[in-house]
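Residue numbers start from 1 in every chain, and the chains themselves are labelled A, B, ... in the order their sequence lines are given, proteins ahead of strands.
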Protein chains: 2
Amino acid sequence: MAKSGEILGKLTAQGYRITPQRIMILDAVENADDHISAEEIFTLVCLQYPNVNISTVYRTLELLKQLELVTETDFGDGRVRYHSIKKGHHHHLVCQKCGGIIDMEESVFTPLRESLLKQYGFDADIHHLAIFGTCKKCR
Amino acid sequence: MAKSGEILGKLTAQGYRITPQRIMILDAVENADDHISAEEIFTLVCLQYPNVNISTVYRTLELLKQLELVTETDFGDGRVRYHSIKKGHHHHLVCQKCGGIIDMEESVFTPLRESLLKQYGFDADIHHLAIFGTCKKCR
DNA sequence: TATGCAGCTGCAATCTCTTGCATCTATAAT
DNA sequence: ATTATAGATGCAAGAGATTGCAGCTGCATA
C-alpha cells in the first residue's frame, strides 16, 4: 500500500495509464502474504469494485510482468500465481510426492545462468522458477 | 512404430491396458518429427479412428508422462508439447525477442541438480525444460 | 470360450486463461 | 475547463486442458 505509489510512477513514466482497476490489482498483489492467483486477486478487487472484469486482472498482471514489477510462477496446480518483485526474487522446489514447497535462494541459479551465457550466448531470464522433483523426506 | 511394442510391454507390466486409442496416440508421438501438441496428436489419430476424444489424448499423455515415456514441455505459446523420451533428453532456450529455440544438452543442468541435492536434499526431476530469455543475436 | 470387473473411453460440463471488438476514459494539448 | 485520442475496460466468445460420470472393454481367470 505504502509503496505502490512508486510503482504507479513507473507506469506513468513508461506511458501507461493509472486506472482505478490497476491501483486495486497492484495493491492486492503488494498486500498479499504469499503468491496469489489471478482469481484471488479478482475476488479481492471485487470487494471494492464489483464491476472489474477478470480479463482486466489478467491483462494488468501481464503488463506488470512485462515491466518486471511482478513475477509469475507455475506451481503445477493448474493455476499460475503472482508475487511482487519487491518481496524479493526466489525459486521453489516443489515435491511431487508430498506437495511441499521449499523456497531457495536465487543464487543457486547463478552458475547455470553463467554457463548458458558462456556456452550459448543466451541471457536467461529466470525470475521465479518452480522446479519439480522429490524432497528429502520423500526420497 | 517399430519400437512401440517395447513401450506397450511396459504398460502391460505395470497393470495398464493396451487399447487401440493408446496405441494410436503412442504411435503419433513416436513418429512425430518434432515436439507435438495434444491437438496435433488428436488430429492424426482422428484420421485413423474419428471417434477418439480429445480427453483420451490428454489422459493418455498424462499416463505416458507419469511412466516417463514421454516428456512435456511448455514453450510458452499457449499449448504444451510432447516428445518421446526415446529421442533423448534435452532442454530448450526460448528467445523472447525473436521466438527462436536453441536446443541444449542435458548436461548443462548437471551442476544445478547436484547443488540442489547437496544443499536441499532435493532430487530435481528436470527432464525437458524450456528456459526463457534473450538469445545471442537479440542481445 | 465365456465371464467378471478394474480400468478405460466418450461425452458434456467446467476451469483457467486469452482475444476481438465496441465503448469508455486518463491524460496531454488546447 | 474543454477536447481529442491513444490506450484501457467490459463483455462475450473461444482455446487449451481437466474432470465427473455412465457405460464399455481388455484381459485375467475359470
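- Remark: the backbone N or O of B:Ala32 is paired with a side-chain donor or acceptor of B:Lys87 at under 3.5 angstrom.
- Considering only side-chain atoms of B:Asn53, the nucleotide from D:dG10, C:dC17, C:dC11 that sits closest is C:dC11.
- In this model, no side-chain donor or acceptor of B:Arg79 finds a partner on the base of D:dG16 within 3.5 Å.
- Nucleotides of DNA chain D nearest to A:Pro20 and B:Ala38 differ in position, and the one nearer the 5' end is that of A:Pro20.
- Of the listed nucleotides (D:dT25, D:dG16, D:dA8), D:dA8 has the atom at the smallest distance from the side chain of A:Arg17.
- For the pair A:Asn51 CG and D:dA8 P, the computed distance is 20 Å after rounding to whole Å.
- For the pair B:Asp77 CG and D:dA15 P, the computed distance is 16 Å after rounding to whole Å.
- Here B:Ile18 lies in heavy-atom contact (under 4.0 Å) with sugar-phosphate atoms only.
- Residue B:Tyr82 is the one, among B:Tyr82 and B:Tyr16, whose nearest nucleotide of DNA chain D lies closer to the 5' end (criterion: closest heavy atom).
- Residue B:His83 forms a side chain to side chain contact (heavy atoms under 4.5 Å, CB included) with just one option from B:Ile36, B:Val70, B:Thr71, and that option is B:Thr71.
- A:Thr19 has no side-chain polar atom (N or O) that falls below the 4.0 Å cut-off from OP1 or OP2 of C:dA26.
- The shortest distance between the side-chain N/O atoms of B:Arg22 and the OP1/OP2 oxygens of C:dC8 is below 4.0 Å.
- At a threshold of 4.0 angstrom between heavy atoms, the contacts of B:Tyr49 are confined to the sugar-phosphate backbone, with no base atom among them.
- OP1 and OP2 of D:dT18 both lie 4.0 Å or more from every side-chain N or O belonging to B:Tyr58.
- Protein atom CZ of A:Phe42 is 14 Å distant from nucleotide atom C1' of C:dC15, rounded to whole Å.
- To the nearest angstrom, P of D:dA28 lies 15 Å from CD of B:Gln14.
- Remark: A:Ser84 OG to A:Leu26 CG distance equals 7.5 Å, nearest 0.5 Å.
- Ion pairing of A:Glu62 with A:Arg59 is absent here, as no side-chain N (NZ or NE/NH1/NH2) approaches a carboxylate O to less than 4.0 Å.
- For A:Arg59 and D:dG10, a side-chain-to-base donor-acceptor distance below 3.5 Å is present, hydrogens and geometry of angles not being considered.
- Distance CG (A:Asp74) to C1' (C:dC15): 15 Å, rounded to an integer number of Å.
- Of the side-chain N and O atoms in A:Gln21, none sit less than 4.0 angstrom from OP1 or OP2 of C:dT25.
- At whole-Å resolution of the value, CG in B:Leu63 and C1' in D:dT18 are 16 Å apart.
- A side chain to side chain contact (heavy atoms under 4.5 Å, CB included) with B:His92 holds for exactly one of B:Ile102, B:Asp74, B:Asp103; it is B:Asp103.
- Judged purely by atom type and a 3.5 angstrom limit, B:Arg22 uses its side chain to pair as donor or acceptor with the backbone of B:Arg17.
- Between the side chain of B:Ser55 and the base of C:dC11, at least one donor-acceptor pair of N or O atoms lies under 3.5 Å.
- Between A:Glu40 atom CD and C:dT16 atom C1' there is a gap of 13 Å when expressed in whole angstrom units.
- Rounded to whole angstrom, the span from the CD1 atom of B:Ile54 across to the C1' atom of C:dA12 amounts to 15 Å.
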